[in-house]
Every structure is written in C-alpha cells, then in structure tokens.
Amino acid sequence: MKEEDSIMADILVGTFLALAAVISLNLFIALMSDTFQRVYDNSKANAIMQRASIILSLEEKLTRRKLNAYRREVHTLHAPLEEFYDDDDQEGDELRKITVQTYDEIQEMRRMIEEKSDERDGNEAMEERLSRLETGIEEIKSILGSLANGSATK
C-alpha cells in the first residue's frame, strides 16, 4: 500500500495506532475502576466484620450483669427509631393516619396490660386501666367510623 500512496498509508497507520491507544487506555481505565470498586466493597465488608468481632470479644469479657446493662442500653438508646408509615393511604389524610397509629398503640398497650393482669390476678388498678383503654378504643372506633362515613360521602 505504501507503493501506491505513501501519504494515505501513513495516515491510515497513524489513525490505527491512535485509535488502538485510545481504546487500550479506555479498557485499562475500566479494569482499574472495576478492581477498585471490588477492593473498596471488600474492605467495607471486612471493616464491618472486624467491628463485630471486636464487639463480640469485648462482650465475652463482661460480667453477666454488665452485659445485660450494656444490651439494655443498646436496645433503648441506640435502637433505630420506629416511624409509622402507611403506604396504602393515597389521599394523605393525616388525621386518619394518626388515629390508626393511636389505635394500634392502644391495642398493644391493652395486650401488655392483659398479660400483666394475667400474671397478677385481682389487681384492681390494672382492671381500671384496662377499662379506660377499652373506653379509648371505643372512642377511636367511633372516630374511625365517622372518618370512613365522611370520606364515603365525598
């Protein structure tokens, strides 16, 4: 080809070498990026495992009393915050969400009081609290009913 047109042959060879260099450099960058990402992800997992290992070794050295106190503290102070979320509600009716959440919390309190009441038969204070909670539940049911009737008429 050099014998036919030496200038065009030089241009084609130069273009080929330049494109080959750019493509090779691009491939090298992609490989390095992938390798870095794998090493970084692995190092995060290793750091988490090391932290867990250190916590477990420290917990093994604690007495039972201190271990229970530590676990209670972690459970109460460092537990994730519970937030109510209702993904079924599409109108954004905030009052209904709060009412349903309050109803659920009262039901949970009622269940706990009933368990305590079963443990301590004849405890009048518990029975009084339970009756007050039942009254509250009935009020919430009536509010929910009125909300349901109000949204049905809209």
Side-chain angles (χ1 to χ4, degrees), residues 1-116 118 129 133-154:
M1 188 153 159
K2 187 121 173 133
E3 294 169 5
E4 295 288 324
D5 192 1
S6 65
I7 296 174
M8 187 60 143
D10 290 340
I11 290 174
L12 285 175
V13 168
T15 305
F16 173 76
L17 289 175
L19 282 175
V22 168
I23 290 173
S24 297
L25 186 61
N26 191 18
L27 181 62
F28 176 71
I29 290 170
L31 285 172
M32 292 304 290
S33 176
D34 181 57
T35 303
F36 175 79
Q37 188 64 41
R38 281 189 286 138
V39 168
Y40 180 74
D41 290 343
N42 194 21
S43 68
K44 281 179 69 175
N46 283 338
I48 290 170
M49 289 300 290
Q50 285 294 325
R51 186 175 185 184
S53 175
I54 290 170
I55 289 171
L56 286 175
S57 68
L58 290 174
E59 282 182 352
E60 287 176 357
K61 295 176 184 175
L62 292 175
T63 63
R64 179 164 299 279
R65 183 176 174 203
K66 286 184 179 180
L67 180 63
N68 287 337
Y70 167 74
R71 286 183 178 163
R72 230 181 350 267
E73 179 182 341
V74 167
H75 181 71
T76 57
L77 298 178
H78 306 292
L81 180 64
E82 282 188 25
E83 290 290 332
F84 180 75
Y85 176 70
D86 184 16
D87 60 349
D88 295 337
D89 190 19
Q90 297 178 3
E91 295 179 9
D93 187 9
E94 198 64 32
L95 179 62
R96 183 166 175 83
K97 284 182 184 179
I98 292 171
T99 307
V100 169
Q101 182 180 9
T102 305
Y103 178 77
D104 291 341
E105 288 177 1
I106 289 175
Q107 287 293 87
E108 178 65 22
M109 288 171 46
R110 179 180 182 192
R111 184 190 61 76
M112 290 171 52
I113 289 173
E114 285 177 350
E115 287 177 7
K116 292 289 184 181
D118 289 343
R129 288 182 196 161
L133 282 176
E134 287 173 346
T135 305
I137 289 171
E138 293 303 320
E139 290 175 6
I140 288 178
K141 283 181 181 178
S142 67
I143 291 172
L144 285 175
S146 65
L147 283 174
N149 291 337
S151 64
T153 58
K154 287 181 183 179

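Note that these values count all heavy atoms, side chains included, but never hydrogens, waters or copies made by symmetry. Note that the structure is a prediction, hence the values are computed from the model and not measured.
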Could you give the distance from OG (Ser142) to CD1 (Ile137), rounded to the nearest 0.5 Å?
12.0 Å
Atom CG in Leu62, atom CG in Asn68: separation rounded to 0.5 Å?
10.0 Å
When rounded to the nearest 0.5 Å, the distance separating CG of Asn46 from CG of Asp41 is 11.0 Å
Within the side chain of Ser53, is there an N or O that forms a donor-acceptor pair under 3.5 Å with the backbone of Met49?
no
Spacing of Leu133 atom CG and Glu105 atom CD [to the nearest 0.5 Å]:
12.0 Å
For the backbone of Ile29 and the side chain of Ser33, can you confirm whether one donor and one acceptor N or O come within less than 3.5 Å of each other?
no
Measure the spacing between CG of Leu12 and CG of Leu17 and express it to the nearest 0.5 Å.
11.0 Å
Side-chain (Ser43) to main-chain (Tyr40) donor-acceptor, under 3.5 angstrom
yes
Please check if the number of heavy atoms outside Gln37 that lie under 6.0 Å from its CD is greater than 12.
yes
Tell me whether Leu77 at atom CG has more than 12 heavy atoms from other residues, nucleotides or ligands lying less than 6.0 Å away.
yes
Take atom CD in Gln50; do more than 12 heavy atoms of anything else shown fall under 6.0 Å from it?
no
Side-chain contact, heavy-atom cut-off 4.5 Å: Leu67 with Arg64?
no
Within the 4.5 Å heavy-atom criterion, are Ile54 and Leu58 side-chain neighbours or not?
yes
